[in-house]
Amino acid sequence: MSDEDIAFADCATLQRLLRRRALSSLELTNLYLARLEKYGGAYNAVVTLMPERARAEAKRADKERAAGRLRGPLQGIPYGVKDLLATVGAPTTWGAEPYRRQRFDYDATVVRKLGDAGAVLLAKLAMVELAGGFGYNGADASFTGPGRTPWNRDFWSGGSSSGSGAAVAAGLVGFAIGSETSGSILFPSTSCGVTGLRPTFGRVSRHGAMALCWTLDKLGPMARSAADAETVLRVISGSDPNDPSAVDRPFPNAKRRPRIGVLAKATQKTMPAVKANFEAALKALAEFCDVVDDVAVPRLPYGAAVGTIVRAEGAAAFRDLIESGRARELRAVDDRTGGYVGYATPAVDYIDALRQRVFMIEAFDRAFGKYDAIVSPTLHTVAYPIALPFDTAYPKYRGGVSLIASGNLTGVPALALPNGFGENGLPTGLSLLGRPFCEAKLSAIARMYQRRTHHHLKRPTLVAG
Amino acid sequence: MRALKLCDMRNRKQFITTVAATSAALALARSEARAAAATPAANGAMPSPAPSEKPPSAPALAVAATMRRFDPKLSDAEIAGIAKDIDENSQLGAALNPKKKRLRNSDGPVTIFTVPLR
């Protein structure tokens, strides 16, 4: 295998190479570090490289493997984390100038669990400042600059896990960890053409992760295949005394031919390529799933609820920043004042938004409970152009049906995967939304889809920078 | 509360007076209102909204102006932008309970959010 083939291999392939001693973890780590240095800047994907820690962890993985101590499928595999996870040995900047020099003396639980599994931490990856909680309206919303998708540098890598998406897509890491409050794993996974898994709320501990919205925040894997995403999720999942929301739950598997519901009006207000690729994906899914058309999402005020909760909880989480007046140091103009808007959210609206979630969870269960997955295009368009404000980028395709807000409000899992390409050579994607704690069912469907199609194996032509 | 419109305010003095008065009416702390009212505008006049755009409401402007206690450099344009977003938030808030259903103890909100296993 060439270095390029190794860089873009999935975790299972890398593990086979390591097990056969065709490659050491240290060699693999050095390969990825070199690629991060060479390409990371071109896509504004990296905040901090961690070569010393990475090489020490890789040497330990090699040493343990040589001694016969096997730690599982991620042993010796290098990865990166969104820069909102606390790590020893590097700043944790939250993508924001006011926190640029912030350091923690402990590892986030996810980082600790990955370390216990023998994975090798390479880098802190770029993100939208404060995970986008203050209402940014353009790609240039991080002190590291606008994230660029490896498929076309003039377009945004998506947010807020921008660097995680770009680094996986460009073969700069074996896999990455992102976070989602409302779309921040699914969006960049689609814009970068990678597979992202947003777990059920409570599946993964958030200890050591920046809090934006404690009732919405989730951490999850971004990877080159659905199989990799599930492998990583199983490692990072589980209860944690430091995060009472995190629970131990089994990973139930589908015991029969999967039953999939197609979201009603899913392709209204989508770009032509998004529609065509989605329809082709449905044909591929129908080969191994029972597909039911026109499953309607219950009509409830998802957008209003998620907007209210993000603003209120975000303002509470960053109350110190807002009251200090240092929000002015944020990169995006809208972020400099967005915190004040959240600060003024009426408590009654916040309470009503939380109350709506009870109804939403019940309505989702009634509408979607008999399906293993609800399928829809993840986004209505390809990646957004960097040069334009979001609200002017694709005016024709605004206002379509989406499951991002509703899925996050109800806390259910979703898996985003690439399904082809559209305008300007940019990837398109579909999402599978599942029942609580049924991530393995989504992964099984996605694995069968990826076995039949090869969109997830496509590689971008990279530019050094 | 008396309905106030931005377009009624003919000069800056009147605007500041309005901010202070409305802030008090909104039961904000008096010191906060005074701070907001006393803070000089950083960057010139209020922006002229586009003809088709509805100007921010006076109550929203009043609340927005209190944010100068955190950042005295907030310009009039920034205050107007904050106020506009506060108005939009109010519309979202109204959408959350369009039928004005009264909250009963049995349908209280999620305060410790968990996802039930079904």
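Note on naming: letters A, B, ... go to the chains in the order of the sequence lines (proteins, then strands), and numbering restarts at 1 for each one.
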**Report entry** Engaged part of Arg326(A) at the chain B interface, taking heavy atoms whose separation is under 4.5 Å
**Finding:** neither
Query raised in the report: For Thr345(A), is it the side chain, the backbone, both, or neither that has a heavy atom closer than 4.5 Å to a heavy atom of chain B?
Result: side chain
Student check: side-chain heavy atoms of [X] and [Y] closer than 4.5 Å:
X	Y	answer
Thr66(B)	Tyr340(A)	no
Ile322(A)	Met67(B)	no
Leu96(B)	Arg355(A)	no
Thr308(A)	Asn89(B)	no

Mind checking the [atom1]-[atom2] spacing from [X] to [Y]? Nearest 0.5 Å is all I need.
X	Y	atom1	atom2	answer
Leu92(B)	Ile309(A)	CG	CD1	11.5 Å
Thr337(A)	Ile79(B)	OG1	CD1	9.0 Å
Ile86(B)	Arg311(A)	CD1	CZ	10.5 Å
Gln91(B)	Asp349(A)	CD	CG	11.5 Å

Query - Max heavy-atom pair count under 4.5 Å with chain B, selected residue of Arg328(A), Gln356(A), Arg336(A) - result: Arg328(A)
Query raised in the report: Can you tell which of Gly303(A), Ala304(A), Cys438(A) has the highest number of heavy-atom pairs within less than 4.5 Å of chain B?
Result: Ala304(A)
